[in-house]
Undergrad: 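Please find one structure pasted underneath; my questions will follow.
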Amino acid sequence: MTLIKSISGIRGTIGGKTGDGLTPVDIVKFSSAYAAWLRTKSDNNKVVIGRDARPTGEMVSKLVSATLQGMGMHVVDLGLSTTPTVEIAVVLEKAAGGIILTASHNPVQWNALKLLNHKGEFISGEDGQAILDLAESGDYNFSEVKKIGKYTTQDHYIQKHIDMVIDLPLVDVAAIRDRKFKVVVDAVNSTGGIAIPKLLKSLGVAEVRELYCYPDGNFPHNPEPLPENITHISNELANGSYDLGFVLDPDVDRLAIVNEDGTPFGEEYTLVAVADYILSQQKGNTVSNLSSTRALRDVTEKRGGRYEASAVGEVNVVTKMKETNAIIGGEGNGGIIYPELHYGRDALVGIALFLTHLAKSEKSCSQLRASFPSYHISKNKIELTPEIDVDGILEAIKERYKNQPINTIDGVKVEFDKEWVHLRKSNTEPIIRIYSESDSESKAEHLAQKMISDIKEIISYKED
């Protein structure tokens, strides 16, 4: 059993002993602490909740709702929903915050409480730590009988979300309709199966082939939308007469695209393609995290904008986007953040903007992909013994490559012309994650292996 208490929420595997898994006791404990934290911020006692379709969602939702009511909070329950829909609803409901009940791309035995502030954005690290401290101290009171919170449900927010996407100035429904797109969707039997077919039909897509769109939470494959997990939709496209495919994760904040021939468009390039379209319509800046492809920087600078990198994590990307007034941003995992709608990763807006770009380009999906700079990322890790000083290793790497451009806002990133290596330590294990990028898979892998060799040499030197 696993329970991970982090500054952005709590996630874990269902069952086990209290404190070892995501048990009802743990759910109540952290829901209570979150409500207590909200009460320190304002007198607003409205909280929006929503969940993905995994089988434990209803149980977790009932526990969270009842606990929030016990803390005097008025709960607005969206039921089966998406992460970006809940984020939007927090603002429209003028709520104090929100909780999304989803373990995102984790397997079915996982669930989680993702915590939002009054802006419908993920809470900051400082606020997350305050909630963790409250949970451990138990220093809060439940409400008296006359101050128990109310409970209401709302089932119109997915349609509201779709309407808001359709109404965006840079979403061109007429152009999409004219292309008569035929699209395949793999929604991994979660809430994307509710939202995405409706969205596509509203956008004027001519034909929608639905794979795994029944929201019962029985994931037909590993729910992380990586190439090795999406063979069914790839085969459907390779054998059929479709224009492209969309693959969602369970909470619909990540978007993977599949070309008309069944080959992956590349999760890293979802953001690149959408940003290219936005920047073709208005000049502006972009942001992604340090482990995302350089192609976004290339596209941004070609369009006359400025690119900035943030630390890994959605809250860090959003913070950097606000600092730089970025008009588009996100993460290389297929997460699109379009501030014109809201500051959160959103597959719905990503689909609408991508289809608009594809329609206006008059290219096939694979041709559009080929129009961007081509890079390859290699992802590796090196496991260390607990007594090894990971921070010391990163410092030694920084010193070793001090003549290269180095970024240290999140681990150590070393740039070599148009290649780079990013090293980050795990917060929970004695592991250094090593991401590298170059213009070929072999070069990216060679770069990673060179860095692994350097790390082993540093360790050997320190031991001597």
Side-chain angles (χ1 to χ4, degrees), residues 2-14 21-22 27 30 49-57 60-61 64 78 80-88 90 98-116 120-123 128 158 161 186-196 212 215-226 228-230 246-256 267-268 270-271 289 291-292 312-318 330-337 342-351 379 426-428:
T2 305
L3 183 67
I4 301 172
K5 296 170 279 189
S6 75
I7 56 175
S8 60
I10 174 174
R11 62 189 171 102
T13 51
I14 296 294
L22 188 59
I27 293 165
F30 286 94
I49 68 169
R51 63 184 179 91
D52 70 16
R54 62 189 67 225
T56 57
V60 175
S61 180
V64 169
L78 308 191
L80 290 172
S81 192
T82 78
T83 284
T85 305
V86 176
E87 292 170 348
I88 287 170
V90 167
I99 303 180
I100 310 158
L101 310 176
T102 175
S104 192
H105 62 269
N106 286 65
V108 71
Q109 65 267 31
W110 289 76
N111 214 322
L113 280 62
K114 292 186 175 181
L115 309 177
L116 305 174
E121 300 167 13
F122 286 113
I123 58 173
I158 285 180
H161 186 175
D186 176 353
V188 75
N189 283 339
S190 192
T191 50
I194 300 171
I196 303 307
Y212 312 130
D216 61 5
N218 292 312
F219 304 148
H221 54 76
N222 185 311
E224 187 165 14
L226 300 175
E228 60 266 28
N229 300 331
I230 59 173
F246 293 121
V247 184
L248 294 311
D249 67 340
D251 66 326
V252 203
D253 62 355
R254 289 172 60 177
L255 173 64
E267 255 196 319
E268 289 284 337
T270 301
L271 174 58
N289 68 44
S291 290
S292 298
V312 174
E314 181 174 329
V315 66
N316 298 315
V317 175
V318 168
E331 298 186 283
N333 59 10
I336 302 293
I337 302 173
H342 69 121
Y343 276 107
R345 294 182 303 175
D346 189 330
L348 281 76
V349 78
I351 285 172
K379 297 182 180 182
S426 167
N427 292 324
T428 56

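These numbers come from the heavy atoms of this one structure, side chains and all, not from hydrogens, waters or symmetry mates. Here the structure is a predicted model, which means the values were calculated and not measured.
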Undergrad: Kindly give the heavy-atom pair with the smallest separation between Ser81 and Val86, and that separation in Å.
TA: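 That closest heavy-atom pairing would be OG-CG2, 4.0 Å.
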Undergrad: Should Ile337 and Tyr343 count as side-chain neighbours, where that means a heavy-atom distance under 4.5 Å?
TA: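 Contact flag for Ile337/Tyr343 side chains = yes.
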Undergrad: Measuring only between side-chain heavy atoms, which start at C-beta, is Pro84 closer than 4.5 Å to His342?
TA: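 Touching, per the 4.5 Å side-chain cut-off.
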Undergrad: Is a side-chain donor or acceptor of Asp249 paired with a backbone partner of Asp253 at a separation under 3.5 angstrom?
TA: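 Yes: the side chain of Asp249 pairs with the backbone of Asp253.
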Undergrad: Dump the intermediate steps for side-chain contact (heavy atoms from CB on, under 4.5 Å) on Ile123 and Val315, then the final yes or no.
TA: CA-CA 7 Å; Ile123 58 173; Val315 66; over 6 Å; no
Undergrad: Would you say that Ile100 contacts Arg51 through its side chain, given a criterion of any heavy-atom pair below 4.5 Å between the two side chains?
TA: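 Answer no - side chains too far apart.
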Undergrad: List the atom of Asp52, the atom of Ser104, and the distance in Å for their closest heavy-atom pair.
TA: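 That closest heavy-atom pairing would be OD2-N, 4.5 Å.
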Undergrad: Of Thr191, Ile88, Asp251, Thr102, which is the lone residue that meets side-chain contact (heavy atoms from CB on, under 4.5 Å) with Thr82?
TA: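 Exactly one candidate clears the test, Thr191.
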Undergrad: Mind checking the CD-CG spacing from Glu331 to Leu271? Nearest 0.5 Å is all I need.
TA: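 Here the rounded value is 9.5 Å.
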Undergrad: Please report the shortest heavy-atom distance between Gly193 and Ala187, naming the atom on each side.
TA: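 Minimum heavy-atom contact is N-CB, 3.2 Å.
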Undergrad: Is there a side-chain contact between Leu255 and Ile351 (heavy atoms, below 4.5 Å)?
TA: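 SC-SC contact between Leu255 and Ile351 confirmed.
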Undergrad: Does any N or O in the side chain of Arg54 come within less than 3.5 Å of the main-chain N or O of Gln109, such that one atom is a donor and the other an acceptor?
TA: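 Judged by distance alone, no pair lies under 3.5 Å.
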Undergrad: Keeping Ser292 on the side-chain end and Gly332 on the backbone end, is there a donor-acceptor pair under 3.5 Å?
TA: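 Checking the backbone N and O of Gly332 against the side chain of Ser292, a donor-acceptor pair under 3.5 Å is found.
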Undergrad: Among Asn111, Ile27, Leu22, which one satisfies side-chain contact (heavy atoms from CB on, under 4.5 Å) with Ile10?
TA: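 Answer after filtering Asn111, Ile27, Leu22: Leu22.
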Undergrad: Using atom types as modelled and distance alone, determine if a side-chain donor or acceptor of Asn316 lies under 3.5 Å from a backbone N or O of Val312.
TA: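 The answer is yes, because a donor-acceptor pair under 3.5 Å joins these two groups.
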Undergrad: Would you indicate whether the side-chain heavy atoms of Phe122 and Glu87 approach each other to under 4.5 Å?
TA: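 Glu87 reaches Phe122 side chain to side chain.
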Undergrad: Ion pair present between Glu224 and Arg254, side-chain N to carboxylate O less than 4.0 angstrom?
TA: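 Here Glu224 pairs with Arg254 in a salt bridge, since their nearest N and O are under 4.0 Å apart.
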Undergrad: Before you tell me yes or no, could you show the steps for Ile194 and Leu80 under side-chain contact (heavy atoms from CB on, under 4.5 Å), namely the whole-Å CA-CA distance, both residues' side-chain angles and the distance that decides it to 0.1 Å?
TA: CA-CA 9 Å; Ile194 300 171; Leu80 290 172; 3.9 Å; yes
Undergrad: Which heavy atom of Asn106 sits nearest a heavy atom of Trp110, and at what distance?
TA: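 Looks like ND2-CD2, 3.4 Å.
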Undergrad: Quick one, Pro250 and Phe219 - any side-chain contact, counting heavy atoms below 4.5 Å?
TA: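 Yes - at least one pair of side-chain heavy atoms lies under 4.5 Å apart.
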Undergrad: Please confirm whether the backbone N or O of Ala53 pairs with a side-chain atom of Ser190, one donor and one acceptor, at under 3.5 Å?
TA: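 Such a contact is found between Ser190 side chain and Ala53 backbone.
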Undergrad: Would you say Glu121 and Val90 make side-chain contact, with heavy atoms under 4.5 Å?
TA: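 Heavy-atom side-chain distance check fails, nothing below 4.5 Å.
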Undergrad: For residues Val252 and Gly192, report the shortest heavy-atom separation together with the two atoms involved.
TA: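 For Val252 versus Gly192, the nearest heavy atoms are CG2-N, 3.4 Å.
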Undergrad: Which distance, rounded to the nearest 0.5 Å, do you find between the CD1 of Ile49 and the CD1 of Ile99?
TA: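 These two atoms lie 7.0 Å from each other.
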Undergrad: Could you tell me which residues satisfy salt bridge (charged side-chain N to carboxylate O under 4.0 Å, His left out) with Glu268, sequence neighbours excluded, listed by chain and number?
TA: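 Glu268 satisfies salt bridge (charged side-chain N to carboxylate O under 4.0 Å, His left out) with no other residue.
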Undergrad: Do you know which two heavy atoms are closest between Asp186 and Tyr212, and how far apart they sit?
TA: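 Closest pair (atom of Asp186, atom of Tyr212, distance): OD1-CD1, 3.4 Å.
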Undergrad: For a 4.5 angstrom cut-off between non-hydrogen side-chain atoms, does Pro220 reach Val188?
TA: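 Counting from C-beta outward, Pro220 and Val188 do come under 4.5 Å.
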Undergrad: Consider only side-chain N and O atoms of Asp346 and His161, and report whether a donor and an acceptor are under 3.5 Å apart.
TA: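 Judged by distance alone, the side chains do pair up.
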